[in-house]
Amino acid sequence: MFVAATLTLLTTVIAQGPGGQDQGQEAKPILTEREQSTLNDRLRQYLADEAEYDLATGVRDREKAAKARMKSKEKFESEWEKLEKKGNLLGSMPDLRAIFYNCFEREKPRHSLGQLRKEKLDLEDTEKDLEYSFFTPKKYRPTEPWTTLVVLPDAAGQPGQWVDPYDYFKATWEDAELLDQAIVHMPVVPAGVELDPVPDYSREGSEAMEDNRIRAVLQTFGAIMNGYNVDRDRVFLDCGRGSCGFGVRLVTLFPDRFAGLILRDPVPVDELRLGNLIGIPILMLKTAANGAVVDALQKRLEEKNPGTVTVIDAKGAAPHKESAADIAQWLADKKRKMSPSHVVLEPNHDRFNRAYWVDIYVADSLLNAPVDKKPRLEVKADRASNRITVDAVGVERFELVLNDALVDLDKPFTIVTNGKAVEETRRRSFRETKEGVVSRNDWSYLFPVRYVTTVPKE
């Protein structure tokens, strides 16, 4: 499902302010923990049976799967209707999070744990299989979510050559204490492919090459998401020499996929717009050789995003295995926020222009727009006033998906787009919520309402 969502992207916690603090006191849950757990169990079974039905082939298998799906769906809906008499569950974010948390079933691995393994992802629409390596902790259990590191490799020798995953794993994370608590995913970058150079989309083939880079990382990670219990709110991107520039670029394209970004050898990214990184914690390892780059990048990042960058002195020789404990300490309290009250979209690619609860539908092309007219959308939600403010440049149409962490959907809310206000009301939809969670393979993607509008003409 994550793979499917990634393919769609290749053609996409409570509202929190700077520093990750809640903007207001969240309402108490309607249900008891036991009632939440009962609904969570029934939802998990329902989604598992639905996934089984989707994969079933043959008349008999599909009939059997359809019966199981219908039975578990009815059990979930019956329990939901009974408990909803206590209050509107779709409007209660504490209950909604508890009901959907960890709602995807994962099977117990059939391989040995505690070691790096190699795999291939066979895709019909690619000339070559995508390769990757991964590590699962010895104590891994599929019933609980696990912190996950997506580790991009070090360059080796000539441009387009990369350190073997086994060698890089030994040089970075092997024997680190963090591996008792974390899954590691290591995509293999195809030979001859460089990561850091920023694509020039005016040149033929540049967009296809960038898509291939993204697929090598996200589609192989999709296999890990589908097979293992990845904590959706604790996925970190760890970048080595020759992949830090791409790492920054990737997070600007998909900011709501990561809880943090680790740069072991930062490089200048002057060509990139960095607005999408608002609220994302970034850790940079500083050395005598890269010190000036680190200082300049930190200054640039914190101009509009203060307090999100941490710089530590790198320990040992690159890629700084001796810094493993410091990196683990940094990420220990980091967690993705799926409903931040402030979202900025400054696309670096015409097709990757959505994040969190905001999606640009129609906008000017980045290639043709003047620098000061490139598409940009800045959205702020203020639940206290039940008001959402949108500042749009070069955008014609956009979508907001909403929940009660952002505005009180029991009441009319106001959308102000480029100074023009409209009052709206929307009904929450369980179907909308559930389909969003399933299509994104993300139990934190909880938005019962969709709102699409056109930017008013000046």
Side-chain angles (χ1 to χ4, degrees), residues 1-2 4-5 13-15 26-56 62-106 142-145 225-226 229-233 338-339 356-357 383 400-411 413 424-451:
M1 296 175 186
F2 181 85
V13 188
I14 184 172
E26 187 173 35
K28 293 181 180 180
I30 296 169
L31 305 179
T32 65
E33 289 186 8
R34 184 173 181 177
E35 289 168 337
Q36 291 173 344
S37 180
T38 298
L39 271 176
N40 178 261
D41 289 341
R42 295 195 177 185
L43 177 64
R44 187 182 296 113
Q45 187 62 56
Y46 168 29
L47 295 182
D49 289 341
E50 187 170 68
E52 195 70 28
Y53 173 77
D54 291 340
L55 294 173
R62 286 189 67 80
E63 287 180 350
K64 182 179 178 180
K67 289 180 180 179
R69 180 186 64 167
M70 183 58 66
K71 182 179 179 180
S72 58
K73 179 183 179 182
E74 289 175 350
K75 289 182 68 175
F76 170 77
E77 289 179 344
S78 175
E79 190 70 17
W80 177 280
E81 290 171 3
K82 181 180 76 173
L83 293 176
E84 198 172 30
K85 294 176 182 178
K86 298 180 67 174
N88 189 336
L89 300 183
L90 285 176
S92 173
M93 293 307 297
D95 290 295
L96 209 55
R97 292 192 193 98
I99 293 165
F100 277 88
Y101 178 73
N102 192 21
C103 61
F104 301 116
E105 291 279 4
R106 293 295 178 255
T143 53
E144 60 183 276
M225 291 278 286
N226 285 329
N229 198 338
V230 171
D231 188 337
R232 274 55 174 180
D233 293 329
M338 198 64 211
S339 300
Y356 307 103
W357 48 282
R383 198 178 193 282
L400 308 178
V401 289
L402 303 174
N403 60 29
D404 283 80
L406 299 166
V407 290
D408 185 348
L409 293 170
D410 282 331
K411 305 173 182 177
F413 57 91
E424 298 285 347
T425 57
R426 290 290 189 278
R427 292 185 62 183
R428 304 178 189 90
S429 165
F430 175 81
R431 179 179 179 181
E432 195 74 50
T433 308
K434 177 241 179 186
E435 288 184 354
V437 167
V438 172
S439 65
R440 293 259 311 194
N441 195 11
D442 189 336
W443 59 68
S444 292
Y445 192 80
L446 300 169
F447 298 99
V449 162
R450 304 174 73 92
Y451 172 82

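Both backbone and side-chain heavy atoms feed into the values below; hydrogens, waters and symmetry mates do not.
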- Message: Looking at every heavy atom in both D404 and R383, which two are closest together, and how far apart are they?
- Response: O-NE, 2.5 Å
- Message: Between R232 (side chain only) and V230 (backbone N and O only), is there a donor and an acceptor less than 3.5 Å apart?
- Response: yes
- Donor-acceptor pair between D95 and Q36 side chains, under 3.5 angstrom: yes
- Item | Nearest-0.5 Å distance that lies between atom SG in C103 and atom CG in L47 | 5.0 Å
- Message: For the CG atom of L402 and the CD atom of E432, what is their distance to the nearest 0.5 Å?
- Response: 10.5 Å
- With sequence neighbours left out, what residues match D49 under side-chain hydrogen bond (donor to acceptor under 3.5 Å, both in side chains)? Q45, S72
- Query: Excluding sequence neighbours, so at least two apart, what forms salt bridge (charged side-chain N to carboxylate O under 4.0 Å, His left out) with K86?
  - Reply: E35
- Just one of R62, K67, K64, E63 clears the side chain to side chain donor-acceptor pair (under 3.5 Å) bar with Y53, so which one? R62
- Task: Check side-chain hydrogen bond (donor to acceptor under 3.5 Å, both in side chains) between R431 and all other residues, then give those that pass, not counting sequence neighbours.
- Result: E435
- Task: Taking atom CD of E79 as the centre, report whether more than 12 heavy atoms of other residues, nucleotides or ligands fall under 6.0 Å from it.
- Result: yes
- Task: Return yes if some donor-acceptor pair links the side-chain N/O of R426 with the main-chain N/O of L409 below 3.5 Å, else return no.
- Result: no
- Task: Apply side-chain hydrogen bond (donor to acceptor under 3.5 Å, both in side chains) to Y445 and list each qualifying residue two or more places apart in sequence or on a separate chain.
- Result: R354
- For the student: nearest non-hydrogen atoms of V401 and Y356, plus distance: CG2-O, 4.4 Å
- Query: Which value, rounded to the nearest 0.5 Å, describes the distance between F76 atom CZ and L43 atom CG?
  - Reply: 5.0 Å
- Task: Look only at the side chain of T38 and the backbone of R34, and say whether a donor-acceptor pair between them is shorter than 3.5 Å.
- Result: yes
- Query: Looking at Y46, does the NZ or CZ of R69 lie under 6.0 angstrom from its six-membered ring centre and within 45 degrees of the ring axis?
  - Reply: no
- Message: Set out, in order, the CA-CA distance, both residues' side-chain angles and the distance that settles side-chain contact (heavy atoms from CB on, under 4.5 Å) for L446 and M338, then state yes or no.
- Response: CA-CA 9 Å; L446 300 169; M338 198 64 211; over 6 Å; no
- Under 3.5 Å donor-acceptor, R106 side chain and M225 backbone: yes
- Task: Let me know which of D410, N403, T433 forms a side chain to side chain donor-acceptor pair (under 3.5 Å) with R428.
- Result: D410
- Apply side-chain hydrogen bond (donor to acceptor under 3.5 Å, both in side chains) to E84 and list each qualifying residue two or more places apart in sequence or on a separate chain. W80
- Pairing residues for W443 by the ring pair (Phe, Tyr, Trp, His ring centres under 6.0 Å) criterion, not counting sequence neighbours: Y101
- Task: Over all heavy atoms of both residues, which pair between I30 and S92 is shortest? Give the atoms and the distance, please.
- Result: CD1-CB, 3.8 Å
- Message: Could you tell me if the side chain of N226 sits less than 4.5 Å from the side chain of F104, heavy atoms only?
- Response: no
- Message: So, taking the atom named NZ in K73 and the one named OG in S78, what distance separates them when rounded to the nearest 0.5 Å?
- Response: 13.5 Å
- State which residue, out of N40, T143, N229, fulfils the side chain to side chain donor-acceptor pair (under 3.5 Å) condition with N102. N229
- For S339 and L406, work out which heavy atoms get closest and say how close. O-CD2, 3.8 Å
- Message: So which atom in L96 and which in P448 form the shortest heavy-atom distance, rounded to 0.1 Å?
- Response: CD2-CG, 4.4 Å
- Message: As an exercise, state the distance from CG of L31 to OG of S37, rounded to the nearest 0.5 Å.
- Response: 11.5 Å
- Message: If you define the side chain from C-beta out and look only at heavy atoms, does anything of E52 sit under 4.5 Å from E105?
- Response: no
- Message: Measuring only between side-chain heavy atoms, which start at C-beta, is L89 closer than 4.5 Å to L39?
- Response: yes
- Item | Atom of S429, atom of L90 and distance for their closest heavy-atom approach | C-CD1, 3.7 Å
